[in-house]
Each structure stands twice: as structure tokens, then as C-alpha cells.
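Sequence lines set the chain letters: A, B, ... in the order given, protein chains first and strands last, and positions in each chain run from 1.
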Number of protein chains: 2
Amino acid sequence: MDFLKELGHLAIASRMKGLTDRLLRGGTEAYRYLDIDFEPRWFTLFYLLSTESSPLSIQQIADALKVSHPAVIQTAQMLVKRGLIRSYQDEADRRKRLLAITPKGRELAAELTPVWNCFLAAVSDLFGSAGADMMEVIRKVEEELDREEMGSRIIRKIKEMQAKAVEIVEYSPEHREVFRTLNEEWLKKYFAVEEDDIRLLRHPEEVIIAPGGAVLFARLGGKIVGTTALLKRDDETYELAKMAVTPGAQRKQAGRRLAESAIALARQKGAKTVILMTDNRLRAAVGLYRNLGFRLAPNETTTSGKYARAKFGFAMKLDLE
Amino acid sequence: MDFLKELGHLAIASRMKGLTDRLLRGGTEAYRYLDIDFEPRWFTLFYLLSTESSPLSIQQIADALKVSHPAVIQTAQMLVKRGLIRSYQDEADRRKRLLAITPKGRELAAELTPVWNCFLAAVSDLFGSAGADMMEVIRKVEEELDREEMGSRIIRKIKEMQAKAVEIVEYSPEHREVFRTLNEEWLKKYFAVEEDDIRLLRHPEEVIIAPGGAVLFARLGGKIVGTTALLKRDDETYELAKMAVTPGAQRKQAGRRLAESAIALARQKGAKTVILMTDNRLRAAVGLYRNLGFRLAPNETTTSGKYARAKFGFAMKLDLE
DNA sequence: AAAACTTACGTAAGCGCTTTCACATATATC
DNA sequence: GATATATGTGAAAGCGCTTACGTAAGTTTT
């Protein structure tokens with residue numbers, strides 16, 4: 001059996017590479033058959049210069065061919081050595097080196113044109129007889145990749161997967177301990193544990209839940225790895241606070257799931273606005289809040305405002321309507 | 001405008017290469033995002049070894065992945081250095097080195113499996129949203145290339161093009177001179193000009209055409225570059241002879257077009273068999289005759305049999321029915 | 001059993017591209 | 001006009017593959 005075929009989409013890069021190799025090898029054979037000193041990889045540069053757009057600078061060519069400029073320099077050397085193109089300094093901008101086709105190059109281009117047409121015919125036949133409009137496929141895929149690059153696509157999938165693995169659970173008495181330790185761990189790392197913190201963290205049921213708020217936890221692989229609190233300010237306003245995720249579980253979407261769940265809960269409770277207090281130094285958190293729709297709210301005061309660390313921070317606001 | 005897109009099928013190799021680069025770069029980014037020390041190009045080897053087929057020899061792997069064995073060795077070194085695979089000598093065949101996954105490798109494979117699934121999902125999405133079944137396209141194109149490689153396809157097209165450029169014309173008196181010189185040029189190169197040759201070459205009208213034969217010429221770019229004669233032996237049998245193409249026009253399908261035209265003419269004249277006399281040293285000619293359907297006919301005697309050079313040669317025969 | 005051939009692997013060198021860095025020249029900013 | 005920044009190119013090194021060749025081990029032939 002063919003291992004690469006079994007892999008399907010996973011080996012698509014390998015197989016596409018294999019295909020291009022086979023296509024280019026065909027070009028090499030054709031030039032050799034005709035006893036012409038030319039190589040397929042020179043084609044794009046040579047053809048570009050053989051059109052009326054010549055002369056072009058190194059960088060212009062690199063952009064047009066979507067390769068690095070050293071690649072152009074190296075290919076150009078080959079063609080200059082064979083007298084097919086020549087290079088000279090641009091008078092207007094003396095940093096630039098312009099490449100242009102020579103008469104000998106024009107001659108070869110004329111000789112090669114029918115060969116290229118044969119290549120064209122062979123490729124069209126190949127993809128045609130495979131019943132596929134490969135050009136259209138490539139064009140569309142390029143377009144899609146322009147819209148969003150592969151890295152971003154994969155990372156998005158990874159985040160989705162991670163988010164699914166995070167389970168959100170509501171507060172119950174056995175969580176009192178972990179709520180405190182998670183928050184203290186976080187506070188000690190970034191700030192200091194203050195008087196008011198201690199009261200709130202020790203008695204979440206009384207201070208947070210009883211007045212109409214909530215405490216949520218993120219469970220990953222059976223373990224509680226994060227928490228957040230939703231504090232009721234008034235019937236229409238809730239505050240997202242006390243978000244803490246244990247270092248080992250960070251960047252695994254626990255924070256996002258907690259925030260999303262808290263926002264959903266606030267909406268369910270009839271909130272029209274969710275506010276929060278954060279700090280510029282907490283880059284990841286601020287990024288998350290922005291991404292969830294929170295915007296700067298300079299004039300907003302929060303319950304967290306009373307803490308000393310707030311002087312380094314700022315408020316954000318999310319409109320739920 | 002996008003030069004590569006303008007080129008269409010001519011730049012298909014460049015664009016496919018660009019696509020694979022973008023796909024692989026996405027993989028690199030994903031591993032970096034997860035802070036995992038792994039590279040996309042290791043995937044096929046690592047995955048192959050992580051399946052139940054392990055252990056495998058270097059060469060077995062190279063075959064499965066369709067790369068050279070040094071490529072396997074080099075990739076394997078990377079993986080061995082990281083403790084993901086190990087290698088040991090095959091006891092049964094001490095030339096072989098077997099590669100197998102290590103426990104640490106299994107661990108990583110388990111960790112990476114969901115990541116690979118994300119890659120899979122992203123690729124499927126990508127090609128799906130481009131509305132194209134890329135896997136199917138690649139599969140078919142590979143199949144087509146297995147049937148006939150690209151080099152052969154292009155060269156076939158080139159030959160077709162060359163054949164179209166060759167014009168076949170029948171004998172007329174002004175050709176008498178060129179018929180003789182083309183043949184003498186050829187004879188001098190390979191053999192010697194003999195008595196009987198001279199008579200035939202000097203008086204084609206009387207010796208060849210009057211008895212029911214014909215003389216054909218190949219014209220390329222306005223110039224006569226080749227000739228052949230069709231000699232009538234009896235009502236059902238004609239002999240293809242005196243095929244000569246000037247050196248500068250060789251490998252340009254003049255010979256093939258001449259032979260094909262002569263055969264067509266023989267068929268038109270009611271022939272059931274075409275015979276010819278050739279020589280083992282004339283590789284290209286013999287190849288052409290074989291390709292046209294001529295087969296060895298050891299017992300056949302030809303009019304050319306009377307020439308001295310025939311003792312190095314042999315007869316071939318084409319059945320027209 | 002020796003010799004010739006085949007197979008498997010390792011090493012080296014090459015190729016075509018990239019990234020990185022250095023340097024010259026333009027352009028923008030004060 | 002001086003200085004900072006941006007741009008264009010070249011040189012070097014690296015990367016991942018290839019081909020070519022050498023060596024060792026196995027297999028077949030004589």
C-alpha cells in the first residue's frame with residue numbers, strides 16, 4: 001500500500017511537492033531533448049524579462065515572482081553568465097540594479113516559445129485528463145490563504161479543541177478552598193494580597209454569591225485549573241473579577257471559557273453591561289477582554305477600584321445589547 | 001497585477017511550490033504556538049514509525065515516503081537526537097539499520113495526535129471552502145503521471161509540433177538535383193556511393209517513378225531537408241528506400257513524416273506490404289521503423305539487397321492489412 | 001570456495017532556496 | 001543641513017533535499 005496516500009490530507013504537502021518535482025523534471029527532460037541549455041527554474045525570471053516590462057530591479061522581480069531577492073540574484077547570475085540577460089545600475093536610484101534581456105536572450109526566448117507552448121499543452125492535457133481544473137483550485141486556495149494564513153487556521157482549530165476540553169462548573173461549597181488558593185497564587189505573582197481580597201476570597205458565598213453574583217470554575221482533565229467571579233453591582237450591571245488560571249493550564253482557553261461563561265451568565269441574569277478592572281501589564285488578559293468585545297471605559301468605577309493596585313489599572317466595559 | 005497568475009499553467013509548478021510552503025509554514029507556527037519541539041518535515045517519518053509497522057529499515061522508509069535514503073538518515077538523526085526514535089542493527093541482515101519509536105516518542109505522538117487532527121481539519125476546511133476536492137485532483141494527476149511521465153508528454157507535444165512544421169511534397173523535375181545530393185550526402189557519411197546508386201539517384205523519374213514508384217520530399221521552413229523513395233516491387237509490395245534527412249534537420253520529425261507519407265501512398269496504391277532494408281548501426285532509423293510497425297523479416301529480399309552494404313543490414317516488413 | 005554481483009547504508013558534495021547581516025543610497029524629520 | 005529611518009542589494013551561512021560514490025554485507029554464479 002501507499003503510505004502517503006493513506007495519510008490523506010496530512011501528507012498533502014509531501015504529495016504536492018512530489019507533483020511539482022515531477023512537472024519540473026519533465027521540463028528538464030524537454031530542454032535536454034532539444035539540446036537547449038536552459039532550466040525550468042529560470043523560466044519565470046527569464047519570461048518576465050522577455051516581456052515588455054523589462055528592465056526591472058532585483059526587488060521588483062522578487063516581488064513579482066514571490067521569492068526572496070537573493071533567489072533572484074542567484075538565478076540572474078546563471079542567465080548573465082550565459083549572456084541571456086544583462087544588468088546595469090539604475091541612474092535614477094543608484095541603489096538599484098536593473099536586469100534586462102539581451103538580444104541573445106530575445107533570440108532564445110523566440111526559440112523557446114513553441115517549447116513553452118508544448119509544456120502548456122502537456123500540462124493542460126494532464127490536468128484535463130485528470131478531470132480537474134487545477135488552476136481554479138490553486139487560485140481559490142491561494143485566495144483562501146490570503147484571507148487567513150495556514151498558521152492562524154491551525155491555531156484556531158487548536159484553540160477550539162482546547163476550549164472544548166475545558167468544562168465550566170458553578171460554585172459549590174467544596175470549591176471554597178480552591179477558589180482562594182487559585183486567586184492567592186495569582187495575586188502573589190502579580191500584586192500583593194490585600195485586606196479586602198482576603199475577606200472576599202475567604203467568604204465567596206457571603207460576599208459574592210449571596211448579593212446575586214456567581215463564582216465559576218474551569219475544569220481540565222478532572223482538575224480545577226481556573227476560576228472567575230461575577231459580582232452584582234446593580235440589576236443591569238455586573239463586574240467580572242477574580243479571574244485566575246493556574247500557570248500550568250494557561251494558554252489552554254480556560255480563561256476564555258470562564259469569561260465567556262460569566263458573560264453568558266450575566267446576560268441570563270438580565271445584565272445590560274459587564275465591567276471589569278484590569279491592568280496594562282496583563283497583556284494576555286487584556287487581549288482576551290478586547291477580543292470578547294470589552295472596550296476601554298475610563299470613567300467607569302468598579303468595586304475593584306478600592307484596591308491599591310487599581311492605580312496601575314483601568315476599567316473596561318462590555319455592552320450586552 | 002500578479003505575474004504568476006497571468007502565466008496560468010506555465011507557472012503552475014511555482015504556485016504549487018508556494019502553496020506547499022505556506023501549508024508547511026502553518027505547521028511550524030502551530031508547533032511553536034504549542035511550544036513543542038517538532039517540525040512539519042519530520043511528520044511523515046515520525047508518523048510512519050508511530051504506527052504498528054515499526055521497526056523499519058532506512059530503505060523501507062525511503063520507499064514508503066518516496067524520498068532518497070539520505071533524506072531519511074538526516075531526518076532520523078534529528079529525531080534520534082531528541083530521543084523520539086532509536087536505531088539498531090538488524091540481527092538477521094547486518095547491513096540494515098532499523099528505526100523504531102521510543103517510549104518518549106510514543107508519548108509525543110499521543111500529545112501530537114490532536115494537533116495533527118487540527119491540521120487535518122484546517123486543511124480540509126481550506127480546500128473545502130475553496131470548493132475543491134484537492135485530494136482527488138492530486139490522486140488523479142499522480143495516476144496520470146504514473147501512466148506517462150511529464151517529460152514524455154512534453155516531448156510528444158514537441159514532436160507533434162515539429163511534425164506539423166514539416167511539409168511533404170511529391171517529386172517534380174526541379175527536385176532531381178536535391179534528391180541526388182541529399183542521398184549522396186547520406187551515403188558518404190555512412191557507406192560508399194556505389195554504381196547502382198548513381199544510376200538510381202541520377203534518374204529517379206525513369207528508375208523509380210516510371211515503374212510505379214514515387215519520390216517524396218520533406219520541406220521545413222521553405223527548404224527541402226529530406227527525401228525518401230517508394231519503389232514498386234509488385235502490385236502488392238512496395239519498398240521504402242533512399243530515406244535521407246540532412247543532418248541539420250534531424251530529430252525534427254522529417255524522417256517520420258516522410259515514412260508515414262510513403263506508407264500512406266503505398267496503401268493508396270493498393271500495397272499490402274511495405275518492406276525496407278536497413279542497417280543495425282542506424283539506430284534512429286531502425287527505432288523509427290519499429291515504431292511505425294515494421295518488424296524484422298529475415299527471409300525477405302529487397303531490391304537494395306544487391307548493394308554491398310546490405311551484408312551489414314537486414315530487412316523489415318510492414319503488413320498493411 | 002572464490003569471484004562477481006546486488007543490496008543497504010553512510011558520507012560528501014551540490015543545488016536552490018531561505019534567513020541574516022552588512023553596507024550603500026534614498027527619503028523623512030527635525 | 002544634519003540626523004534618523006527606510007529601502008535595495010550583496011555576501012554568507014543554513015536548510016533540506018538530491019546525486020554520486022564508497023564500503024560492508026548478503027546472494028548468486030562458476
Side-chain angles (χ1 to χ4, degrees), chain A residues 4 11 13-25 27-29 32 37-46 55-81 85 87-99, chain B residues 4 11 13-25 27-29 31-32 38-46 55-81 85 87-99:
Chain A
L4 290 181
S14 290
R15 289 172 72 185
M16 282 177 66
K17 185 172 184 316
L19 270 191
T20 60
D21 284 350
R22 287 169 92 171
L23 293 185
L24 289 179
R25 194 180 302 263
T28 304
E29 281 175 31
R32 183 161 41 224
D37 182 23
F38 198 80
E39 294 181 24
R41 66 196 173 82
W42 301 344
F43 170 73
T44 49
L45 170 54
F46 185 63
L56 292 168
S57 76
I58 302 283
Q59 192 56 50
Q60 279 178 307
I61 296 169
D63 290 342
L65 305 185
K66 294 181 180 163
V67 293
S68 63
H69 81 267
V72 176
I73 293 175
Q74 288 165 29
T75 307
Q77 275 175 353
M78 298 278 97
L79 296 177
V80 168
K81 196 157 63 186
I85 65 173
S87 83
Y88 55 94
Q89 204 171 38
D90 184 354
E91 290 305 318
D93 182 343
R94 294 163 55 78
R95 290 171 306 181
K96 290 184 183 171
R97 202 180 99 201
L98 300 178
L99 299 184
Chain B
L4 291 181
S14 291
R15 288 172 73 185
M16 282 176 67
K17 186 171 183 316
L19 270 191
T20 60
D21 284 350
R22 286 170 92 171
L23 293 186
L24 290 179
R25 194 178 302 262
T28 304
E29 282 176 29
Y31 293 127
R32 182 162 40 221
F38 198 80
E39 294 180 24
R41 65 196 173 84
W42 301 344
F43 169 75
T44 49
L45 170 54
F46 186 63
L56 292 168
S57 76
I58 302 283
Q59 192 55 52
Q60 279 176 306
I61 295 169
D63 290 342
L65 305 185
K66 294 181 179 161
V67 294
S68 64
H69 80 267
V72 176
I73 293 174
Q74 288 164 28
T75 306
Q77 276 174 353
M78 299 277 97
L79 296 178
V80 168
K81 195 157 61 184
I85 65 172
S87 83
Y88 55 95
Q89 204 171 40
D90 185 355
E91 289 305 320
D93 183 343
R94 294 159 54 76
R95 291 170 305 179
K96 289 184 183 171
R97 201 180 100 200
L98 300 179
L99 299 184

Notebook entry, point to check: Rounded to whole angstrom units, what separation is found between the CD atom of Gln89(B) and the P atom of dA25(D)?
Noted result: 8 Å
Checklist line | Residues in side-chain hydrogen bond (donor to acceptor under 3.5 Å, both in side chains) contact with Thr20(A), at least two apart in sequence or another chain | finding: none
Item checked: Protein-nucleotide distance (Gln77(A), atom CD; dA12(D), atom C1'), rounded to Å -> 13 Å
Check: Which is it for Ile58(A) and Leu99(A) under the side-chain contact (heavy atoms from CB on, under 4.5 Å) test, yes or no, and what are the steps along the way?
Finding: CA-CA 7 Å; Ile58(A) 302 283; Leu99(A) 299 184; 4.0 Å; yes
Next item on the list: Specify the separation, in whole Å, of atom CZ of Arg94(B) and atom P of dT27(D).
Entry: 13 Å
Margin query: Distance check needed: dA26(C) C1' versus Arg95(A) CZ, whole Å only.
Written below: 4 Å
Next item on the list: Classify every nucleotide of nucleotides 14-21 of chain C by which part a protein heavy atom approaches to under 4.0 Å, writing B for the base, S for the sugar-phosphate alone and - for neither, in 5'-to-3' order.
Entry: --SBBB--
Next item on the list: Please report the closest heavy-atom contact between Leu98(A) and Pro55(A), naming both atoms and the distance.
Entry: CB-CB, 4.1 Å
Margin query: Measure CD/Gln60(B) against P/dA8(C) and give the value in whole Å, please.
Written below: 9 Å
Notebook entry, point to check: Can a side chain N or O of Arg97(B) be found less than 4.0 Å away from OP1 or OP2 on dA8(C)?
Noted result: no
Next item on the list: Could you tell me whether Asp21(B) and Lys17(B) make a salt bridge, using a distance below 4.0 angstrom between a side-chain N and a carboxylate O?
Entry: yes
Check: How is Ile58(A) classified with respect to the nucleic acid when contacts are heavy atoms under 4.0 Å: base, sugar-phosphate, or nothing?
Finding: sugar-phosphate
Checklist line | Spacing of Gln59(A) atom CD relative to dT25(C) atom C1', expressed in whole Å | finding: 15 Å
Item checked: Nearest-angstrom distance from the residue atom NZ of Lys96(A) to P of dA6(D) -> 18 Å
Item checked: Closest approach of Leu4(B) to Ala11(B) (non-hydrogen atoms, all atoms of both residues) -> O-CB, 3.7 Å
Margin query: Can you measure Asp90(B) atom CG to dA24(D) atom P for me and round it to whole angstrom units?
Written below: 19 Å
Margin query: Would you say that Met78(B) contacts Arg41(B) through its side chain, given a criterion of any heavy-atom pair below 4.5 Å between the two side chains?
Written below: yes
